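Some notes on the structure that comes next.
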Amino acid sequence: MSQLATDREIDRSKMAVSDEVAIQINKMNKWYGAFHVLRDIDMTVQRGERIVIAGPSGSGKSTLIRCINRLEEHQKGDIIVDGIELTSDLKNIDKIRREVGMCFQHFNLFPHLSILENCTLAPMWVRKTPKKEAEEIAMHFLEKVKIPEQADKYPGQLSGGQQQRVAIARSLCMKPRIMLFDEPTSALDPEMIKEVLDTMVELAEEGMTMLCVTHEMGFAKQVANRVIFMDAGQIVEQNEPEEFFNNPKSERTKLFLSQILGH
Amino acid sequence: MSDTHAQTVAYVRDTMLPEQAPPSTAAGPIKWMRDNLFSSVLNTVLTLLSVYFLWLVLSLVLPWVWYGSWTATSLKECREVVADLGLAHGAACWSVIGERYLQLIYGFYPAELYWRANLAFVLMIVALAPVLYPNLPRKILWFSALYPFIAFWLLWGGTLWTPVVAVAGFVLGYFAFEALYRLAGSLVGVIAAILVPVIWWLLLAGPVANGLASVLPLTIETVESAKFGGFMLSIIIGVTGIALSLPLGILLALGRQSDLMIVKAICVGFIEFIRGVPLITLLFVASTLLNYFLPPGTTFDIILRVIIMVTLFASAYMAEVVRGGLAALPTGQYEAADALGLDYWKATRLITMPQALKISIPGIVSTFIGLFKDTTLVSIIGLLDPIGLTNTIRADSNWNGIVWELYGFIALMFFIFCFGMSRYSMYLERKLKTGH
């Protein structure tokens with residue numbers, strides 16, 4: 001668990017955090033029926049930040065990032081993404097979803113479409129990019145995640161790690177300004193985790209604003225500029241990775257870290 | 001583990017073993033027979049019993065079929081000819097098929113106009129081809145879209161202006177949508193696209209068609225619905241029902257899953273009502289009851305009424321089949337489509353519906369096959385489909401009492417159509433398979 005995300009030196013030249021606010025969350029609350037999943041979440045994400053959200057399962061971390069692109073609806077408080085407030089207005093939701101890319105634990109590639117079609121679909125139908133241009137963009141990003149040769153295959157023919165890299169490329173084809181990762185490596189074999197983390201590290205090096213729910217503490221140490229620890233639907237502690245791992249403040253964080261780093 | 005082992009024994013393979021062919025007993029027909037027919041004592045016994053049973057049936061049926069008479073002109077004469085053959089179980093009188101096959105195919109459609117029905121059938125194959133085989137040029141789809149109107153004109157005759165003004169309704173609807181969509185948004189556009197054609201068809205289409213026909217008739221001989229019959233009628237009702245019930249079923253399935261309360265209630269109510277009622281009662285409603293609700297004097301073609309009822313009936317089943325497909329999709333597919341910014345209709349059209357339809361192909365084709373066979377029920381309300389015609393043929397004193405040959409022939413024809421559909425669905429499933 002504590003293995004590093006990458007063996008090489010990370011190029012920090014473009015990893016600058018700007019003052020511009022990408023995501024602003026104020027006193028956000030969410031319930032599943034009567035169950036209070038998220039309680040008074042306050043959070044500001046600057047453009048260029050790489051945030052890792054950690055916490056035990058059921059702590060609400062996935063729910064939190066799924067609220068940001070409205071896969072889950074929050075019931076109280078505000079979420080403002082890229083200056084647009086998330087309400088039930090479908091137009092705003094679509095606008096935000098165009099700017100926010102997401103990768104899922106189970107990849108969720110479209111099995112009936114080829115890899116290339118998976119990547120060109122949203123640019124063509126949402127951004128109205130001409131087919132030829134969309135294919136060029138898709139190939140560019142498939143090269144970036146190092147699987148251009150698989151473009152004509154179908155998702156079912158690829159390994160889990162390759163599928164997750166395609167899923168990242170598919171999101172990037174929409175040229176998003178923010179990327180959300182919902183446990184992108186949790187469904188992968190150890191051998192494949194590395195290739196997906198490599199892709200994510202490269203993305204961070206280019207200055208992408210990233211929110212990652214992950215148990216890969218190596219990634220958090222190397223890449224993140226902030227680690228948020230959640231428990232029981234609340235943000236318990238957040239800090240720079242160095243401080244967070246070496247000098248955790250709350251008892252709950254200490255317990256979690258001892259369990260996750262202990263073996 | 002591997003570390004400790006490596007320290008005790010050093011072993012490195014540097015040449016890999018070559019692949020070898022399996023032994024002869026593990027491949028070929030002998031293996032197949034051993035695996036499938038004689039794998040155990042019980043299976044061997046069952047295999048031998050099955051062979052005996054097959055021989056028993058075929059030894060009775062095949063001579064009956066093979067030695068049947070094709071020349072006798074009446075059942076009585078046929079019985080005498082067959083008796084002379086001295087077969088234990090007699091033989092068939094195929095001459096009734098030879099004499100009446102045109103009637104079984106065309107009903108009472110005028111013989112000199114058979115070419116019109118034949119042409120409509122050939123064009124139907126042309127129109128279906130691009131729908132069934134996506135490799136064919138996409139431009140033929142335009143012909144497929146126009147085909148129903150062409151077929152209507154060829155089969156029923158009358159003036160060409162009738163189908164032309166009917167098509168004009170769709171064109172008007174399209175322009176109404178385009179014009180208002182820009183100005184007032186998609187909802188107003190959709191409403192206009194529905195209202196404009198309906199007003200056109202109900203109020204203006206008739207007078208316009210009559211007016212145009214009086215200037216330039218373009219008329220071919222009219223054939224009344226009462227003369228339609230045989231397999232032509234089955235195919236008209238079956239193919240139209242199939243073509244209409246799939247889109248209607250898809251809409252009902254989507255409606256049933258909708259978040260909009262009223263849409264959902266209407267769809268659930270419709271599906272449950274139609275599925276709760278036997279088709280035969282709907283056909284009776286179409287043939288008799290419907291007239292009570294229509295203004296006196298309106299003539300509403302009986303074939304059209306039957307097509308509507310059969311379509312509604314099949315679409316309720318179709319909706320449930322498609323809903324099953326939608327329910328089988330992982331929620332991740334809906335979420336991924338949402339996360340990419342696709343709206344509901346695009347996500348449905350591009351992501352969820354293609355996958356749901358692929359999952360439901362076996363169910364959809366079963367519903368199609370059921371619909372096609374159910375067209376024989378129209379004989380009960382007096383339409384002369386092949387089953388209805390058997391009574392007409394038996395009413396001829398020459399063929400009074402003949403049963404097996406007629407029903408056998410009809411069964412064979414239906415089997416060919418239904419088996420074709422079934423094989424096509426298997427081809428489609430193989431073709432759409434994208435996994436390993």
Side-chain angles (χ1 to χ4, degrees), chain A residues 62 65-66 68-72 88 90-115 117-128 152-159 166-167 170-176 178-182 187, chain B residues 1-3 134-135 138 181-182 184-190 250 258-261 263 322 325-362 364 428-436:
Chain A
S62 284
I65 68 163
R66 286 158 61 89
I68 293 172
N69 65 351
R70 196 66 169 198
L71 287 183
E72 304 283 354
S88 51
L90 287 175
K91 276 198 180 135
N92 281 353
I93 296 173
D94 282 342
K95 248 187 237 167
I96 287 170
R97 283 177 178 165
R98 254 172 268 164
E99 306 306 326
V100 180
M102 185 161 197
C103 289
F104 300 87
Q105 181 177 0
H106 296 289
F107 334 129
N108 298 351
L109 293 177
F110 305 130
H112 63 303
L113 300 175
S114 73
I115 299 305
E117 287 165 335
N118 262 281
C119 294
T120 56
L121 182 109
M124 278 168 62
W125 289 92
V126 179
R127 291 224 193 271
K128 312 276 178 219
D152 293 324
K153 289 198 181 161
Y154 285 91
Q157 297 166 311
L158 267 54
S159 74
V166 171
R170 177 176 72 176
S171 293
L172 293 178
C173 284
M174 282 293 280
K175 307 263 175 77
I178 300 164
M179 281 290 290
L180 308 175
F181 293 87
D182 188 0
Chain B
M1 279 287 277
S2 58
D3 284 357
N135 301 335
R138 298 286 79 197
Y181 173 69
R182 299 269 153 69
S186 59
L187 186 65
V188 179
V190 169
I250 289 173
S258 168
D259 296 331
L260 307 170
M261 267 273 290
V263 172
V322 173
L326 283 169
L329 285 188
T331 47
Q333 293 292 311
Y334 293 90
E335 287 176 357
D338 282 346
L340 284 170
L342 294 162
D343 62 29
Y344 174 78
W345 288 110
K346 280 178 191 153
T348 302
R349 196 178 120 205
L350 300 166
I351 309 298
T352 52
M353 200 43 78
Q355 294 185 59
L357 288 181
K358 183 178 140 188
I359 296 171
S360 6
I361 288 172
I364 291 174
L428 200 61
E429 275 178 68
R430 268 201 309 279
K431 193 175 123 68
L432 293 177
K433 205 170 173 187
T434 55
H436 273 291

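Chain identifiers are assigned alphabetically (A, B, ...) following the order of the sequence lines, protein sequences preceding nucleic acid strands; residue numbering begins at 1 within each chain. Small disclaimer: the values here were computed from a predicted structure and weren't measured.
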Whatever's closer than 4.5 Å to a heavy atom in chain B on A/Leu109 counts as backbone

Here the gap from A/Phe104 atom CZ to B/Gln333 atom CD, rounded to the nearest 0.5 Å, amounts to 10.0 Å

Between A/Asn69 and B/Ala339 the two heavy atoms that sit nearest each other are ND2-CB, 3.8 Å

Please confirm whether the backbone N or O of B/Leu350 pairs with a side-chain atom of A/His112, one donor and one acceptor, at under 3.5 Å? yes

Yes or no on side chain to side chain contact (heavy atoms under 4.5 Å, CB included) for A/Phe110 and B/Leu340, after CA distance, side-chain angles and deciding distance? CA-CA 12 Å; A/Phe110 305 130; B/Leu340 284 170; 3.8 Å; yes

Given B/Pro354, B/Ala337, B/Gly332, the one with more heavy-atom pairs under 4.5 angstrom with chain A than any other is B/Gly332

Correct closest heavy-atom pair for B/Gln355 and A/Pro111 would be OE1-CG, 3.2 Å

The salt bridge (charged side-chain N to carboxylate O under 4.0 Å, His left out) partners of B/Glu335 (sequence neighbours excluded) come to A/Arg66

- request: List the steps, then state whether side chain to side chain contact (heavy atoms under 4.5 Å, CB included) holds for B/Asp343 with A/Asp94.
  value: CA-CA 7 Å; B/Asp343 62 29; A/Asp94 282 342; 4.1 Å; yes

Heaviest contributor of heavy-atom pairs below 4.5 Å to chain B, chosen from A/Met102, A/Arg170, A/His106, A/Arg98, is A/Arg170

Distance col, row A/Leu121:CG vs B/Leu342:CG, nearest 0.5 angstrom, shows 5.5 Å

*Over 12 non-hydrogen atoms of neighbours within 6.0 angstrom of CG in B/Asp259*: no

